[in-house]
Amino acid sequence: MKPIDLSIAQKMVDHYAATRKKLIDKEHNINDTQSVWMSLDKLKSFINNLPEHATGVRIHFAAYDHKNEHYPNQTTVVLIGTVENLTEHADALEDGIVGPLDSEDPMGPFNQGPLCPPVCN
């Protein structure tokens, strides 16, 4: 991770909205996600509870299906811890490279931050 200039970040966010989000909105007839908010306490807890052998966190883009009560068809993210695997940082979503994880595993996967839209505050 490295810091970037605020104006560059704004251009990147605007570019996403003008390209990918616009296509998703049109294709799925929705007002798709622009951001996902996560509480600092929950992020710290996730990071602080990763086991010593964890090498990082991968953030996967994901989407709820049309049956989701709160966010039908909307984009979201899933966070999962990574471990070193030969020359890469692997996670459990990568073809079983990491053993199966359950919902209580500190490596994740984690989700459930409020999406904007509809919750944009």
Side-chain angles (χ1 to χ4, degrees):
M1 249 176 27
K2 71 176 192 171
I4 62 173
D5 185 88
L6 182 59
S7 65
I8 292 171
Q10 187 62 58
K11 285 179 185 176
M12 293 168 69
V13 169
D14 292 346
H15 184 68
Y16 174 83
T19 58
R20 287 146 184 86
K21 182 182 177 322
K22 187 175 181 178
L23 291 171
I24 293 168
D25 288 352
K26 183 177 179 182
E27 179 68 25
H28 294 281
N29 195 30
I30 60 173
N31 185 12
D32 197 31
T33 308
Q34 295 178 13
S35 63
V36 179
W37 182 86
M38 294 182 185
S39 80
L40 192 53
D41 287 343
K42 289 191 180 200
L43 280 173
K44 284 180 181 179
S45 177
F46 171 59
I47 291 167
N48 291 337
N49 285 303
L50 288 171
E52 278 191 35
H53 66 280
T55 58
V57 176
R58 182 159 292 118
I59 302 171
H60 288 273
F61 296 105
Y64 292 106
D65 67 20
H66 69 281
K67 296 177 186 175
N68 184 278
E69 179 182 354
H70 301 288
Y71 308 117
N73 289 324
Q74 283 197 246
T75 301
T76 189
V77 294
V78 172
L79 283 68
I80 192 163
T82 61
V83 296
E84 192 168 338
N85 182 31
L86 302 174
T87 60
E88 62 185 354
H89 301 278
D91 68 48
L93 297 181
E94 296 178 359
D95 299 324
I97 292 173
V98 177
L101 302 176
D102 63 30
S103 62
E104 300 300 317
D105 197 299
M107 292 284 283
F110 289 94
N111 177 250
Q112 293 300 317
L115 304 183
C116 170
V119 182
C120 299
N121 53 19

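Small disclaimer: the values here were computed from a predicted structure and weren't measured.
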**OP:** Could you tell me whether the side chain of Arg20 reaches within less than 4.5 Å of the side chain of Thr75, counting heavy atoms only?
**Re:** no
Subject >> Tyr71 versus Tyr64, closest heavy-atom pair with distance >> reply: O-CB, 3.3 Å
Subject >> Gln34 CD to Asp25 CG distance, which is reported to the nearest 0.5 Å >> reply: 8.0 Å
Original post:
If every non-hydrogen atom of Pro72 is compared with every non-hydrogen atom of His70, which pair is closest and at what distance?
Top reply: CD-C, 3.5 Å
Original post:
Roughly how far, to the nearest 0.5 Å, is CG of Asp5 from NZ of Lys11?
Top reply: 8.5 Å
Original post:
Short question: side chain of Asp65, backbone of Asn68 - any donor-acceptor pair under 3.5 Å?
Top reply: yes
Subject >> Test log, rule side-chain contact (heavy atoms from CB on, under 4.5 Å), inputs Asn29 and Asn73 >> reply: CA-CA 9 Å; Asn29 195 30; Asn73 289 324; over 6 Å; no
Original post:
Roughly how far, to the nearest 0.5 Å, is CZ of Phe46 from CD1 of Ile80?
Top reply: 7.5 Å
Subject >> More than 12 heavy atoms from other groups under 6.0 Å of CG on Asp14 >> reply: yes
**OP:** Quick one: closest heavy-atom pair of Thr33 and Lys21, and the distance?
**Re:** O-CD, 4.3 Å
Original post:
Transitively linked via ILVMFWY side-chain contacts under 4.5 Å: Leu23 with Leu115?
Top reply: no
Subject >> Test item: Gln10 and Leu6 side chains (from C-beta on) under 4.5 Å apart, heavy atoms >> reply: no
Original post:
Do Asp41 and Ser39 get their side chains close enough for a donor-acceptor pair, meaning under 3.5 Å?
Top reply: no
Subject >> In one Ile/Leu/Val/Met/Phe/Trp/Tyr side-chain cluster, 4.5 Å: Val77, Ile47 >> reply: yes
Subject >> Option among Asn31, Val36, Ile30 that satisfies the side-chain contact (heavy atoms from CB on, under 4.5 Å) test with Gln74 >> reply: Ile30
Subject >> Gly56 backbone acceptor or donor facing Thr82 side chain under 3.5 Å >> reply: yes
**OP:** Identify the heavy atoms of Pro117 and Asp32 that sit nearest to each other, and give their distance.
**Re:** CD-O, 3.1 Å
**OP:** Might you confirm whether atom CZ of Phe61 has over 12 heavy atoms from other residues, nucleotides or ligands at distances under 6.0 Å?
**Re:** no
Original post:
Should Ile59 and Leu50 be regarded as members of a common hydrophobic cluster, given that ILVMFWY residues are connected when their side-chain heavy atoms come within less than 4.5 Å of each other, either directly or indirectly?
Top reply: yes
